[in-house]
Amino acid sequence: LFKTIDMSAFCGCTSLGSIIIPESVDYIGVLAFAGCDSLKNVEIKNPSAIIGEYTPFSNGVERLIVPIGTFGWYSQFLVKYRDKIKEKGN
């Protein structure tokens, strides 16, 4: 199982439209999905994953799904996407 998504891991992957980041991932690196201009939907399954210092996603993200009760946790890392963060039960 993957525990981290390294810095710039998917950088420039323009064909990536959506991604579900499994609960096993506890760290999403700096700019991990930068330049993924087609990425619209992101779901993070881990209720306490750490997000790298700079927002790892491109500007085009429309929906960012996180576990119930974690809006506050993720909104501190993803301020730019605060209005796009939605909670979802597993």
Side-chain angles (χ1 to χ4, degrees):
L1 294 173
F2 291 101
K3 300 281 289 161
T4 65
I5 297 176
D6 292 332
M7 180 173 101
S8 303
F10 293 91
C11 186
C13 184
T14 57
S15 63
L16 187 62
S18 65
I19 188 165
I20 297 174
I21 300 172
E23 193 167 350
S24 64
V25 173
D26 56 15
Y27 179 76
I28 301 170
V30 174
L31 303 173
F33 297 92
C36 297
D37 297 332
S38 298
L39 185 60
K40 303 292 182 211
N41 299 296
V42 176
E43 184 170 349
I44 301 172
K45 297 278 192 174
N46 186 327
S48 59
I50 303 296
I51 309 290
E53 186 176 338
Y54 299 103
T55 305
F57 306 109
S58 290
N59 293 332
V61 170
E62 296 172 357
R63 275 187 348 151
L64 216 159
I65 308 299
V66 298
I68 288 177
T70 63
F71 175 84
W73 174 259
Y74 283 105
S75 64
Q76 71 179 332
F77 294 111
L78 301 168
V79 174
K80 179 177 172 180
Y81 298 101
R82 183 174 228 141
D83 63 326
K84 299 177 188 330
I85 298 173
K86 305 289 181 228
E87 294 182 343
K88 175 184 171 184
N90 293 334

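Listed by chain and number, the residues in a side chain to side chain contact (heavy atoms under 4.5 Å, CB included) with Phe71 are Ser75, Arg82, Ile85, Glu87 (sequence neighbours excluded). Under the rule for a side-chain hydrogen bond (donor to acceptor under 3.5 Å, both in side chains), the partners of Lys80 that lie at least two apart in sequence or sit in another chain are Asn59.
Sorted by first and then second residue, the salt bridge (Lys or Arg N to Asp or Glu O under 4.0 Å) pairs with a member in residues 1-17 read Lys3-Asp26; sequence neighbours excluded. Pairs passing the ring pair (Phe, Tyr, Trp, His ring centres under 6.0 Å) check and including a residue from residues 25-44, sequence neighbours excluded, read Phe10-Phe33, Phe33-Phe57.
Put simply, the side chain of Tyr74 gets close to the backbone of Ala49: a donor and an acceptor are under 3.5 Å apart.
Criterion: ILVMFWY side-chain heavy atoms under 4.5 Å apart, direct or through other members. Under it, Ile28 and Tyr81 are part of a common hydrophobic cluster.
Note that NZ of Lys88 and OG1 of Thr70 are 12.5 Å apart. Values are rounded to the nearest 0.5 Å. In this structure, CD1 on Ile19 lies 11.0 Å from CD on Glu43, to the nearest 0.5 angstrom. For the atom pair CD1 of Ile44 and CD1 of Ile5, the computed distance is 8.5 Å after rounding to the nearest 0.5 Å.
Side-chain contact check for Trp73 versus Leu78: every heavy-atom pair is 4.5 Å or farther apart. Under the 4.5 Å side-chain criterion, counting only non-hydrogen atoms from C-beta, Ile21 is not in contact with Asn46. Inter-residue side-chain proximity for Ile51 and Pro56 is flagged as met; some heavy-atom pair is nearer than 4.5 Å.
In terms of heavy atoms, Lys45 sits closest to Pro22 at CB-C, 3.8 Å.
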Please set out all donor-acceptor pairs under 3.5 angstrom arising from side-chain atoms of residues 34-41, sequence neighbours excluded.
unit_1: Ser38; atom_1: OG; unit_2: Thr14; atom_2: O; d: 2.7
unit_1: Asn41; atom_1: OD1; unit_2: Arg63; atom_2: NE; d: 3.2

